Amino acid sequence: SDNLYKLDYNNWFKGIGWSPLGSIDVEKAKRAGQVLDEHHYRVPPGTIKFTSVPDSVEMVLAKTNALQLNDKLYRSGGEEIKHKYSLPVDVPQFILSKYNAVNLSDNCYKNSWKKTLAKGYHLDPKAISIVAAKASRNIASDYKYKEAYEKAKGKHVGFRSLKDDPKLVHSMHVAKIQSNREYKKDYEKSKTKYHAPMDMVAITEAKRSQEVASNSNYKQLIHNYTCLPDTMSVVLSKNMMNI
């Protein structure tokens, strides 16, 4: 019977506390944790107590490779030679380098110009370039251009009218030529005036055509009829109109 099978369990073991320490499952779990632990699996080499042999093949090879790959040691010989090398003065390459340095130097290029500036420069005021520059300046100067006009302004005497002054007459003539109104003045006066001779062929033909096309000359009355006011037909007509 199932009840008899579980009787001891239900009466004695059920409800009693039990510690799993030391059980098979707990020990399996601890062992699996130690196996899967990354910290214990990957141990840093520095924590392992190890003493290498200095004259072993591997150590000697490693030291030799380190010396060969060291850039400072690789360049040490060249650096020492570079600071202790002396070039003869008469070597063509050295002389060519000196001339190239002089040609490319900005100070050497401007040396003569700076010396000229330090000495100063005296230019003759009667030199052709100075005289030409002064003449050009006077020509281009607006003050020189109006100097004579400013002096003569307000002092114009000797002419009784504007027509007596040839300069003013010339100015007025130029103004009339440039004026658009004066330019079209004669045209506006003669624009509505047309003169044609009476014996022109076109005018004669037009008159003949007008006579042909005119209705007044086309229909002519046979005679002029005059009716007296006391005639019998007029009296009869008046009576009929009254009726």
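Since the structure is predicted, the reported quantities are computational estimates derived from the model, not experimental observations.
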If you measure from NZ on Lys63 to CG on Asp55, what distance do you get to the nearest 0.5 Å?
9.0 Å
Please table the atom pairs, donor to acceptor, closer than 3.5 Å between any side-chain atom in residues 106-113 and protein atoms at least two apart or in another chain.
none

With Asp71 via salt bridge (charged side-chain N to carboxylate O under 4.0 Å, His left out) - residues at least two apart:
Arg75
Show the nearest heavy-atom pair for residues Asn70 and Lys72, with the distance to one decimal.
OD1-N, 3.2 Å
Counting only heavy atoms not in Leu236 (residues, nucleotides, ligands), do more than 12 fall under 6.0 Å from its CG?
yes
With a 4.5 Å cut-off on side-chain heavy atoms, are Val102 and Lys98 touching?
no
Using atom types as modelled and distance alone, determine if a side-chain donor or acceptor of Asn100 lies under 3.5 Å from a backbone N or O of Leu96.
yes
Check which hydrophobic residues are tied to Met59 through side-chain heavy-atom contacts below 4.5 Å, counting indirect links as well, and list them.
none
I need the Arg31 CZ to Gln34 CD distance, nearest 0.5 Å.
6.0 Å
So which residues get pulled into Tyr99's cluster when ILVMFWY side chains under 4.5 Å apart are joined, directly or through others?
Ile95
Give me the other members of the hydrophobic cluster that Leu67 sits in, counting Ile, Leu, Val, Met, Phe, Trp and Tyr linked by side-chain heavy atoms under 4.5 Å, directly or via other members.
Leu73
Could I get the full list of salt bridge (charged side-chain N to carboxylate O under 4.0 Å, His left out) partners for Lys146, not counting sequence neighbours?
Asp142
Minimal non-hydrogen separation, Val234 against Thr231, with atom names:
CG2-OG1, 3.0 Å
